[in-house]
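Just the heavy atoms: all of them, side chains too, but no hydrogens, waters or symmetry mates, feed the values below.
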Amino acid sequence: MDVEERKKVGRKAVSLAISGNIVLTVLNFVVGMLSGSMALVAESAHTFSDVLTSIVTSVGFKIGLKPPDSKHPYGHGRAEPLAGLIIVLFLGIIAFEILSEVYRKLVLGMALNPPEMIAAVMAVVGVGANLAMTTYMMRAGKKINSPAIVADAHHQKVDIFSCAAILVGVVGSRMGFPILDPLVAIFIAFMVLKTAFDIGRDNINNIMGTVPSRDIMINIKTAAMSVPGTFGIHNVRINYLGPYASVDLHVAVEGDLSLKAAHEIAHSVEKNIIKDVDVINIVTVHVCPRDEDNDEEFCVD
């Protein structure tokens, strides 16, 4: 996928997330206050965090699109996982605020009244709207391999379950169990924390260069071995750069090749990997004599 198409898909996804969550934030807060639903007010705070994180995602995505320069020869792609970590911070703050409000209600003895049924209607609307936004953003994020947009989509997905829980809480409160509404708020807070943990783990792994999936390693080997004169690859190391990655590898060739011939093989391997493996955009190839380089670390079998 070229840069312009990636930019178009990413901006559309982020714009949808920001505008949709602004509308849901206002509706959740207004309906929550009018109906007396603590869980729905908590959800409005959570949805407002979606607006903030979508803005962070937009900034990270925009920075990540910048081309390489003299100070950043590998580009600016790591801005995206860094944006994902900022999202984790926002999620932690939102969870804390929700639990603080529950504490004031349950521990400090504030009155618990069952919410009005309009809160249940808003919860149903929230389920549908969040399902649509999550599906669209997840597809867009995976299509353009954007860690920031995928992280934001995971954040958005929490709202589907929280709105469903609000629906259960409202109905249960109306049936004589008013304690359900603040309990649902607690449930929402812990879902937010779980999402924060998952997003943080994935983005830290991206920044730290966790060993990639075996499928990517196999695709790299297939692309390299399709070049005539290549007898094997080893010492394959991948360095993630946000949505893209660079790869360093050793290629085994005949030991009596001329420098020019070896260089041509290395250049062909580089072009094949970039062409066939979507996530890779930088390749560094070290050519070594066949059967003489025994350093098989990270060998791809």
Any side-chain donor paired with an acceptor under 3.5 Å for E43 and S162?
-> yes
Does one hydrophobic cluster hold both V9 and I149, with members joined at side-chain heavy-atom distances below 4.5 Å?
-> yes
What's the verdict on side chain to side chain contact (heavy atoms under 4.5 Å, CB included) for V51 and T25, showing C-alpha distance, side-chain angles and the deciding distance?
-> CA-CA 8 Å; V51 177; T25 296; 4.0 Å; yes
If you round to the nearest 0.5 Å, how far is CD of Q156 from CE of M138?
-> 10.0 Å
Do V247 and T284 have side-chain heavy atoms sitting under 4.5 Å apart?
-> no
Do any N or O atoms from the side chain of S19 and from the backbone of L16 form a donor-acceptor pair under 3.5 angstrom?
-> yes
Among the clusters formed by ILVMFWY side chains lying less than 4.5 Å apart, do L24 and I118 turn up in the same one?
-> yes
Supply the atom-to-atom distance F29 CZ to M122 CE, rounded to the nearest 0.5 angstrom.
-> 13.5 Å
What are the two closest non-hydrogen atoms of N272 and A223, and how far apart are they?
-> ND2-O, 3.3 Å
Between the NZ atom in K221 and the CE atom in M217, the distance rounded to the nearest 0.5 Å is 10.5 Å
Flag yes if more than 12 heavy atoms outside I18 fall under 6.0 Å of its CD1 atom; otherwise flag no.
-> yes
Decide whether L193 and I160 are clustered together by the hydrophobic rule: side chain heavy atoms of Ile, Leu, Val, Met, Phe, Trp, Tyr closer than 4.5 Å, transitively.
-> no
Measure the CD1-CG distance between I233 and L249 for me, rounded to the nearest 0.5 Å.
-> 5.5 Å
Here the gap from H250 atom NE2 to H286 atom NE2, rounded to the nearest 0.5 Å, amounts to 4.5 Å
D276 side, atom CG; S226 side, atom OG - distance, nearest 0.5 Å = 6.5 Å
What is the minimum heavy-atom distance between M225 and F231, and which atoms define it?
-> CE-C, 3.7 Å
Considering non-hydrogen atoms only, spot the tightest contact between A252 and R290 and give its length.
-> CB-CA, 4.3 Å
Determine whether N235 and D248 make a side-chain contact, defined as any pair of heavy atoms from C-beta on separated by less than 4.5 Å.
-> no
Would you indicate whether the side-chain heavy atoms of R201 and D198 approach each other to under 4.5 Å?
-> yes
Step through the shown structure and confirm whether more than 12 heavy atoms of other residues, nucleotides or ligands are within 6.0 Å of OH on Y136.
-> yes
What's the verdict on side chain to side chain contact (heavy atoms under 4.5 Å, CB included) for V41 and M33, showing C-alpha distance, side-chain angles and the deciding distance?
-> CA-CA 7 Å; V41 173; M33 294 298 291; 4.0 Å; yes
Residue pair T230, I265: steps toward the side chain to side chain contact (heavy atoms under 4.5 Å, CB included) verdict = CA-CA 7 Å; T230 300; I265 290 176; 3.6 Å; yes
In terms of heavy-atom contacts, S35 and L40 come closest through OG-CD2, 4.5 Å
Shortest non-hydrogen pair, H234 vs C288, comes out as CE1-SG, 3.7 Å
Would you check if C163 and N130 make a side-chain contact, meaning some heavy-atom pair closer than 4.5 Å?
-> yes
Passes side chain to side chain contact (heavy atoms under 4.5 Å, CB included), K157 versus L131? Steps please.
-> CA-CA 7 Å; K157 184 169 65 175; L131 178 61; over 6 Å; no
With hydrophobic residues grouped by side-chain heavy-atom distances under 4.5 Å, do L257 and V251 end up in a single group?
-> yes
Heavy-atom pair of closest approach, residues I238 and I220 | CD1-CD1, 3.6 Å
Does one side chain, of T47 or N28, offer a donor that lies under 3.5 Å from an acceptor on the other?
-> yes
Are F197 and F96 in one and the same hydrophobic cluster, where Ile, Leu, Val, Met, Phe, Trp and Tyr link if side-chain heavy atoms are under 4.5 Å apart?
-> no
